[in-house]
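Report on the following structure.
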Amino acid sequence: MPVITLPDGSQRSYERAVSVAEVAATIGSGLARAALAGRVDGKLVDTSFVVERDAAVSIVTDRDPEGLEVIRHSTAHLLAQAVKQLFPEAQVTIGPTIEDGFYYDFAYQRAFTPEDLAAIEVRMKELAKADEKVSRRVMARDDAVRLFRDMGENYKAEIIQAIPAGEPISLYGQGDWVDLCRGPHVPSTGKLKAFKLMKLAGAYWRGDSRNEMLQRIYGTAWPDQKQLDAYLHRLEEAEKRDHRKIGRELDLFHMQEEAPGAVFWHPKGWQVFQTLIQYMRDKQTAAGFQEVNGPELMDRSLWEASGHWATFGENMYTTRTPDDRVYAIKPMNCPGHVQIFKQGIKSYHQLPVRYAEFGKVHRYEPSGALHGLMRVRAFTQDDAHIFVTEEQITSEAVASTRLILDIYKDFGFEDVGIKFSDRPTKRVGADEVWDKAERALRDASGAAGIEYSLNRGEGAFYGPKLEFVLRDAIGRDWQCGTLQVDLNMPGRLGAHYIDDHSARRTPVMLHRAIFGSLERFYGILLEHHAGRLPAWLAPVQVVVMGITDRQHPYVLETADFLKNQGVLVQIDLRNEKVGFKIRDHTLQRVPYLLVAGDKEVAANLISVRSRSGKDLGAMTPQTFTERLRAEIESHGRRTLED
RNA sequence: GCCGGCAUAGCUCAGUGGUAGAGCAGCGGUUUUGUAAACCGUUGGUCGGGAGUUCAAAUCUCUCUGCCGGCACCA
């Protein structure tokens with residue numbers, strides 16, 4: 001005689017044990033139809049789950065996040081069912097849900113083609129339309145292993161084998177198809193109304209590159225067609241802000257096959273790059289950093305001493321010179337900075353020593369990893385190394401953390417996540433040293449009052465790190481900044497300072513980057529702003545144009561004035577209608593367009609239009625410049641449009 | 001690096017074995033223009049590189065390179 005408590009607190013009692021579906025039906029027929037799963041005392045279950053004693057029950061529908069999960073998970077099963085019907089030889093493996101959808105990995109003797117994908121989707125729609133009942137049953141582990149092995153599903157059998165023997169295994173079936181699954185699943189395939197297969201890809205079995213490659217089919221699923229369409233539209237919008245496309249359209253940079261993973265910066269693109277560097281230079285100088293510059297090429301012996309040769313060697317470019325020496329092109333700036341630190345004798349009075357470099361590094365990345373500006377082989381780091389005493393670690397780490405978060409705000413990134421990466425398998429230094437370094441970084445995090453998630457085994461080979469992760473305008477995460485405590489490399493490279501007892505001590509080195517890779521940060525900015533860089537970053541801040549060629553002298557004069565005030569300005573004297581010029585420069589995402597006709601010339605004014613199409617009225621060039629300067633100094637927090 | 005796809009004019013893209021195309025951009029001209037595309041004319045490509053099949057290859061095959069989407073790796 002279960003008494004069931006619903007989410008609104010109301011209670012219903014039943015004569016006998018009831019299923020979740022029956023509970024839904026007694027509440028209302030609409031809810032019964034919408035029920036995808038249930039939550040019984042907090043546990044997610046199928047609608048067929050039978051409640052035998054008093055419990056808190058809620059009905060999960062497609063309006064609940066869990067409901068959407070269930071839809072996606074069940075759609076993954078539907079995909080596998082369709083694949084097995086069309087390609088009986090294919091073996092199933094795993095099919096989890098992911099953000100916005102799901103995937104399923106299959107082992108099959110030949111590659112699936114885009115045509116196969118279309119056929120699979122058609123079959124999925126047929127199966128959904130047939131509205132087959134989804135049933136759940138439980139069996140002992142070894143029976144399940146035997147069942148799947150008999151079906152020729154060796155991967156699945158391997159997965160189940162890994163489950164502890166005592167645990168019962170739940171199987172889900174629909175029509176002729178059965179799969180191992182924890183569930184829950186929709187009660188019948190007819191609940192799956194809006195899905196689409198997205199792409200084919202390779203994926204290693206168990207995510208290990210030493211294993212064979214399976215074929216992964218990605219799909220997306222939503223409660224209804226409208227939400228599916230909205231999702232597909234979002235993808236199209238995201239494609240429009242692809243930095244590679246924007247870079248070409250705005251003539252910022254290009255890449256070509258003779259220099260894979262390296263960037264050719266065009267004049268406008270380099271202007272932005274320089275703005276980023278200058279901004280960071282000013283911030284760092286104010287924070288007590290000194291800019292240095294180390295050599296690109298250093299002898300192999302130095303990289304052996306630093307530990308790079310052994311632990312990072314396969315990512316390094318090397319060159320053999322006519323005198324038969326082997327040099328490596330620097331993949332990191334730290335060894336160079338240690339050399340600078342080592343010159344002369346450093347006293348503890350001088351610490352912390354803060355060296356910063358806009359250092360261009362080269363790393364031989366796997367060809368498949370390259371991706372526009374986001375993943376390149378030649379990139380510039382805003383790399384700093386702070387040499388401190390052990391006592392200074394905390395205060396310096398706290399100061400760096402503050403600086404990092406402060407700088408991200410200027411770029412409009414308020415949502416910053418922090419990860420703590422501890423010792424990796426491939427590392428240098430004794431475990432006691434790592435214990436100490438990890439403790440120091442944890443203490444510093446505590447002192448800075450930041451929260452982080454743990455990223456096990458992802459530290460650098462020389463020390464643990466904090467990683468700062470930005471979330472961009474379309475919700476993607478990008479790891480940019482880093483702060484690392486290094487108790488290894490200074491000693492390996494023979495750095496020391498003299499302490500207050502005239503003794504030689506090895507300094508601790510903090511590695512710190514804020515942009516991380518300037519190239520990548522630039523790409524993130526382009527996508528974050530969809531190319532509409534705020535005026536303080538824009539390569540061309542203003543275009544001045546006339547209506548006819550009568551205004552040309554005034555246009556030139558105005559542009560000169562702006563230029564002398566430090567504004568990045570271009571003129572447009574082309575023989576075109578003003579509408580054409582407005583369109584052209586708007587597409588180029590120029591923040592402000594200044595138009596001069598006879599009226600403006602007569603009154604010494606300029607008409608101002610923003611790239612968003614807003615008419616900001618006529619003002620003197622002087623007023624415009626002052627307002628633009630205020631916008632630039634605020635890093636776009638206050639604009640002319642406000 | 002691995003799996004799959006793709007590579008045609010500056011850009012976006014047609015062209016599936018029989019003389020390489022369109023729109024935009026560029027160039028020349030006309031037009032002197034008031035806030036997202038005036039009009040007319042016109043230049044431009046060893047179809048990513050190499051090899052092969054064929055009377056004939058942008059098109060079929062092999063191979064190399066690069067790019068794209070994933071995986072693995074990672075800033």
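A, B, ... follow the sequence lines: proteins, then strands. Residue 1 opens every chain.
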Report which part of the nucleic acid [X] touches: base, sugar-phosphate, or nothing (heavy-atom distance under 4.0 Å, all strands).
X	answer
Thr548(A)	base
Asn315(A)	nothing
Lys599(A)	base
Gly516(A)	nothing
Tyr103(A)	nothing
Gly579(A)	sugar-phosphate
Val578(A)	sugar-phosphate
Val361(A)	nothing
Thr113(A)	nothing
Lys577(A)	base
Arg244(A)	sugar-phosphate
Ala201(A)	base
Gly613(A)	nothing
Leu214(A)	nothing

Atom pair [atom1] ([X]) and [atom2] ([Y]), whose distance is rounded to the nearest 0.5 Å:
X	Y	atom1	atom2	result
Tyr231(A)	Arg234(A)	OH	CZ	7.5 Å
Gln479(A)	Phe468(A)	CD	CZ	10.5 Å
Asp472(A)	Trp478(A)	CG	CH2	7.0 Å

[N] versus [M] - spacing of their [atom1] atoms, nearest Å:
N	M	atom1	result
U16(B)	A56(B)	C1'	15 Å
G21(B)	A58(B)	P	13 Å
G23(B)	C62(B)	C1'	36 Å
C47(B)	A9(B)	P	10 Å
A57(B)	C13(B)	P	28 Å
U8(B)	C55(B)	C1'	25 Å
U35(B)	G44(B)	C1'	33 Å
G1(B)	G15(B)	C1'	36 Å

Could you tell me the separation between the [atom1] atom of [X] and the [atom2] atom of [N], rounded to a whole number of Å?
X	N	atom1	atom2	value
Gln551(A)	G34(B)	CD	P	11 Å
Leu593(A)	A36(B)	CG	C1'	10 Å
Tyr104(A)	C71(B)	OH	P	18 Å
Leu483(A)	A75(B)	CG	P	14 Å
Leu117(A)	G69(B)	CG	P	17 Å
Arg583(A)	U35(B)	CZ	P	16 Å
Leu197(A)	G70(B)	CG	P	16 Å
Leu370(A)	C71(B)	CG	P	16 Å

Measure from the side-chain heavy atoms of [X] and tell me the nearest of [options].
X	options	result
Lys199(A)	A75(B), G34(B), G69(B)	G69(B)
Ser607(A)	G34(B), G66(B), A72(B)	G34(B)
Tyr364(A)	G1(B), A36(B), G34(B)	G1(B)

Next item on the list: Measure from the ring center of Trp434(A) to the ring center of Tyr462(A) and say whether it is less than 6.0 Å.
Entry: no
Next item on the list: Flag the pair Phe515(A) / Phe411(A) as yes when their ring centroid distance falls below 6.0 Å, and as no otherwise.
Entry: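 They qualify: ring centres under 6.0 Å apart.
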Can you say whether a donor on the side chain of [X] sits under 3.5 Å from an acceptor on the base of [N], or the other way round?
X	N	answer
Asp549(A)	U32(B)	yes
Glu365(A)	A75(B)	yes
Glu600(A)	G34(B)	yes
Tyr204(A)	G70(B)	no

Let's test this: given Watson-Crick or G-U wobble pairing with both distances under 3.5 Å, identify the partner of [N].
N	result
U32(B)	none
C13(B)	G21(B)
G41(B)	C27(B)
U54(B)	none
C74(B)	none
G4(B)	C68(B)

Next item on the list: Identify the residue among Phe87(A), Tyr218(A), Tyr104(A) that makes a ring pair (Phe, Tyr, Trp, His ring centres under 6.0 Å) with Phe112(A).
Entry: Phe87(A)
Checklist line | 5′-ward residue of the pair Glu258(A)/Glu467(A) relative to RNA chain B | finding: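 With Glu258(A) and Glu467(A) compared, the 5'-side residue is Glu258(A).
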Check: More 5' along RNA chain B: Arg550(A) or Arg375(A), using each one's nearest nucleotide?
Finding: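 Its nearest nucleotide being more 5', the pick is Arg550(A).
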Item checked: Residues Glu239(A) and Lys245(A) bridged, charged N to O under 4.0 Å -> no
OP1 or OP2 of [N] versus the side-chain N and O atoms of [X]: is any pair under 4.0 Å?
X	N	result
Lys465(A)	A75(B)	yes
Ser367(A)	G1(B)	yes
Arg609(A)	A36(B)	yes
His371(A)	A75(B)	no
Arg248(A)	U12(B)	yes

Check: So, for Cys334(A) and Met509(A), which heavy atoms are closest and what is the spacing to 0.1 Å?
Finding: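 Looking at all heavy atoms of both residues, the closest pair is CB-CE, 3.9 Å.
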Next item on the list: May I ask whether Tyr218(A) stacks on the base of G70(B), given the cut-offs of 5.5 Å between ring centres and 30° between planes?
Entry: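 Not stacked: fails the 5.5 Å / 30° test.
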Checklist line | Flag for Gln215(A)-Asp105(A): side-chain donor and acceptor within less than 3.5 Å | finding: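 Checked: Asp105(A)/Gln215(A) side chains show no N/O donor-acceptor pair below 3.5 Å.
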Notebook entry, point to check: Under 3.5 Å, is there a donor-acceptor pair between the Arg281(A) and Tyr279(A) side chains?
Noted result: no
